[in-house]
Participant: 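Quick one: structure below, then a few questions.
Position 1 is the first residue of the sequence; numbering continues from there. Excluded from the calculations below are hydrogen atoms, water molecules and symmetry mates; all remaining heavy atoms, backbone and side chain alike, are included.
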Amino acid sequence: MEGLEVTVLLGMAVLVGTVLAPRLRIATPLVLLVLGLVIGFVPQAREIQLPPEVVLLLFLPVMLFWESMTTSLRAIRRSLRYIAPMSTLLVVASAFAVAGVAVMFGLPWEAALILGAAVAPPDATAVAALGRMLPQRMFMKLKAESLTNDGTALVLYAIAVSLAVGDQVSPLSVTWTVVNSYLGGALAGVVVAALAYLLLRRLSGTLEINLTLLLVPFVAFLIAELIGASGVLAVVIAGLIVAWVSPRITTPASRRQAESVYPVLTYILNGALFVLIGTEVMHVLFESSWGQVGRLVMITVAVWVVLIAVRLLFQLFSAPFTLPRGALRAATSTGDRTMPLRMWIVSTFAGFRGAVSLAIALSVPLVNASGESIAARDEIIFITAGVIMFSLLVQGPMLPAIARWAKLPADTAADEEYEIAERAISGAALAAIDDLALEHGVSDTVRDRVRAEGYEMLEYANARALARQRGLVYAADIGTELSEDAELETMIDVAATNDQVPPGRVLDDGGAASGGLQMLAVSSDIDTIALSPITLREETTRLRLALMDRRREVLLRLRREGTIDDLVAWRIQGQLDLVEVKLRGVEEID
């Protein structure tokens, strides 16, 4: 099939899956995977073969960059005791366990190690898509683990490919590969993020800022690959740093645009990969005999079971080292001694394989140094795709039931921190309103009206927090803000207090204002310019924008001090950005 036909086919499949998933009440990745299997019955569709470097170099940087941008840096720091061994030692243990099983079934050692490297790391995008029903803290730990373990898997993959193509591998070369991969990848990410920071400080246009941000993951990946380091780690490090400094080097309009574009872009890319998983499985099925297919299915099931067993056992034996001090004692002191085990079982079944595993499998070279085909390349792709299928089609539907069975304690930390931040920034804005009104030349009428609104919003936030604590509202109800209509009504109320009516509005006594642009007053002694609707609107906007800056200062201070989580700050910042964009109006883009 031609490139345009492939693009249209994948796009239509993603669209159909997106439409069907909510109607069938099935996770979208599962529907896309099944659609890929169905498409695989078409002979021409089974021949879709992306170049190995396309998946690794085009798909992954964007997806990983956005996932790292929306990951809590505070959660990573606090859970480092858990994340570090899970993203390194567990990946190595899983890869070698899988390789051992594959060798038992007759795969060459080099191909078996490539397979182990491909299926060892859980995937961040798959975890993000299917693991959101978990408590926030557990979900963020899994996501952080999934972001950082790809570097380990790619180091193992590089070593295994070197063995497969006939290169010489020694303990010294392996050590250098590991050190260079991690240190070089981290350094590349830091350097690119620093350069992006210096450049973005000098840019103000929405398109300029977002084009620069779009280049960051690709530049980080490219530089890391040029020095033989981990491009994945470089992208993740750059994304975490950019997310931390983003409020100071981007604008509300650019952030709103990015938060609209990036999720759609990553969704399409990730969805296309899930469809490709199904077509790859069908390609190998139709190219193999029934005996070969039966053997590959047996290997796939064995590998999937081994991955689950190794993950669960690793958590059991590493618990004294990975859990915070006193965590086990605190969990068992409540009388529920099975709670840690239930948590580990949930974490085990939440370790989904996805796009990264497929990208690694598809990136296996076609030939070795002597021009011969790489042994068992099709088998590696089939087994990897099969493990992803079992992960999504079996673990995915099972996870909600397992989470309900585990009866994990509710995690309300994010809601509590949101309420703390909301009240803190509202209180700071109210405390500064007099000084800001004087500084920006705002009339007493506008100042008092905005102050009254601020008190009403603060009282509403306090009442909502109390209601949540009493179980009267859900966390989903949190997060409303003043709408544009409310702002318009505020301006109308301000005008009404001065006996004015904006053009086209109906008076309380039934009279109507003129449809033309007028400045209305009831006395010729009143300064109509000072009390015109235009002036009132300008004063209200100036004061609101000044208060917005004060709110952001407090918000960033709370995040910097660790009082609130990065994702809570991201959520509130998005609401502030939305209000500011409404106040400033649609930005003109040349």
Side-chain angles (χ1 to χ4, degrees), residues 70-78 136-137 140 243-252 255-256 259 410-440 442 447-470 472-483 486-487 490 540-583:
T70 55
T71 298
S72 169
L73 190 59
R74 189 188 74 170
I76 293 178
R77 292 197 304 266
R78 291 185 174 182
Q136 178 69 19
R137 188 170 300 177
M140 196 51 57
W244 180 259
V245 301
S246 173
R248 301 189 181 279
I249 57 176
T250 56
T251 64
R255 290 193 291 270
R256 295 304 304 172
E259 290 169 19
D411 187 359
T412 61
D415 296 331
E416 294 170 358
E417 291 179 3
Y418 181 96
E419 293 161 1
I420 291 172
E422 188 180 38
R423 285 180 281 182
I425 64 177
S426 297
L430 288 171
I433 195 168
D434 288 324
D435 294 337
L436 292 176
L438 182 63
E439 178 183 347
H440 292 274
V442 174
R447 179 201 62 196
D448 293 340
R449 173 63 63 177
V450 174
R451 192 206 313 274
E453 289 176 0
Y455 277 117
E456 289 177 3
M457 293 180 66
L458 184 58
E459 290 173 359
Y460 175 61
N462 290 332
R464 196 170 61 234
L466 181 61
R468 184 194 59 77
Q469 294 171 5
R470 294 177 177 177
L472 300 180
V473 295
Y474 295 100
D477 298 327
I478 299 175
T480 57
E481 72 274 339
L482 192 64
S483 67
E487 294 171 9
T490 298
T540 303
T541 300
R542 288 201 306 272
L543 183 56
R544 288 186 185 280
L545 289 174
L547 291 172
M548 201 70 63
D549 292 337
R550 185 57 56 91
R551 287 188 174 98
R552 281 202 179 88
E553 291 176 5
V554 177
L555 179 65
L556 294 180
R557 178 174 57 81
L558 292 174
R559 186 193 68 168
R560 187 171 58 251
E561 294 173 351
T563 305
I564 62 173
D565 189 68
D566 301 84
L567 296 187
V568 173
W570 177 285
R571 177 180 169 189
I572 297 176
Q573 177 183 272
Q575 295 169 0
L576 297 178
D577 290 343
L578 181 60
V579 175
E580 181 166 340
V581 169
K582 289 179 179 179
L583 289 172

Participant: Excluding sequence neighbours, so at least two apart, what forms side chain to side chain donor-acceptor pair (under 3.5 Å) with Thr70?
Facilitator: Lys143
Participant: Grab the two heavy atoms, one from Val568 and one from Ala414, that are nearest each other, plus how far apart they are.
Facilitator: CG2-O, 3.8 Å
Participant: With a 4.0 Å cut-off, would you call Arg74 and Asp565 a salt bridge?
Facilitator: yes
Participant: Roughly how far apart are Arg137 CZ and Ser72 OG, rounded to 0.5 Å?
Facilitator: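 That separation rounds to 10.5 Å.
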Participant: Taking all heavy atoms of Arg560 and all of Trp244, pick out the closest pair and write down the distance.
Facilitator: CA-CH2, 3.9 Å
Participant: Mind checking whether Arg451 and Leu430 have side chains closer than 4.5 Å, heavy atoms only?
Facilitator: yes
Participant: Of the non-hydrogen atoms in Gln573 and Leu555, which two are nearest, and what is the gap between them?
Facilitator: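 So the minimum-distance heavy-atom pair works out to N-CD2, 3.9 Å.
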Participant: After noting the C-alpha distance and the side-chain angles of Glu580 and Arg552, does the key distance pass the side chain to side chain contact (heavy atoms under 4.5 Å, CB included) rule?
Facilitator: CA-CA 11 Å; Glu580 181 166 340; Arg552 281 202 179 88; 2.5 Å; yes
Participant: Can you tell me how far apart CG (Leu543) and CD1 (Ile433) are? Round to the nearest 0.5 Å.
Facilitator: 5.0 Å
Participant: Please check if the number of heavy atoms outside Arg77 that lie under 6.0 Å from its CZ is greater than 12.
Facilitator: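 More than 12 within 6.0 Å, yes.
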Participant: Quick check for you: to the nearest 0.5 Å, what is the distance between Arg551 atom CZ and Ile572 atom CD1?
Facilitator: 11.0 Å
Participant: Rounded to the nearest 0.5 Å, what's the gap from CD1 on Ile76 to OG1 on Thr71? Could you check?
Facilitator: 6.0 Å
Participant: Checking Arg255 against Trp570: charged group under 6.0 Å from the ring centre and within 45 degrees of the axis?
Facilitator: no
Participant: Quick one, Arg447 with Leu436, criterion side chain to side chain contact (heavy atoms under 4.5 Å, CB included). Give me CA distance, side-chain angles, the key distance, then yes/no.
Facilitator: CA-CA 9 Å; Arg447 179 201 62 196; Leu436 292 176; over 6 Å; no
Participant: Measure across Ala421 and Leu558 and return the closest heavy-atom pair with its distance rounded to 0.1 Å.
Facilitator: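 Heavy atoms of Ala421 and Leu558 come nearest at CA-CD1, 3.8 Å.
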Participant: Would you give the length of the straight line joining atom CG of Leu576 to atom CG of Leu583, rounded to the nearest 0.5 angstrom?
Facilitator: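 It comes to 11.0 Å.
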Participant: So Pro252 and Met548, do their side chains get closer than 4.5 Å, heavy atoms only?
Facilitator: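 With C-beta onward as the side chain, the pair stays apart.
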Participant: So, are Glu453 and Arg544 salt-bridged, with charged N and O less than 4.0 Å apart?
Facilitator: yes
Participant: For residues Val554 and Ala428, report the shortest heavy-atom separation together with the two atoms involved.
Facilitator: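 Of all heavy-atom pairs spanning Val554 and Ala428, the closest is CG2-CB, 3.5 Å.
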Participant: Return the CG to CZ distance between Leu567 and Arg559, rounded to the nearest 0.5 Å.
Facilitator: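 If I round to the nearest 0.5 Å, the distance is 11.0 Å.
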Participant: Are more than 12 heavy atoms, taken from residues, nucleotides or ligands other than Arg256, located less than 6.0 Å from that residue's CZ atom?
Facilitator: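 Atom CZ in Arg256 is crowded, with more than 12 foreign heavy atoms closer than 6.0 Å.
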Participant: Decide side chain to side chain contact (heavy atoms under 4.5 Å, CB included) for His440 and Leu545; before the verdict, give the C-alpha distance in whole Å, the side-chain angles of both, and the deciding distance to 0.1 Å.
Facilitator: CA-CA 10 Å; His440 292 274; Leu545 289 174; over 6 Å; no
Participant: Measure across Arg550 and Ala432 and return the closest heavy-atom pair with its distance rounded to 0.1 Å.
Facilitator: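 So the minimum-distance heavy-atom pair works out to NH1-CB, 3.0 Å.
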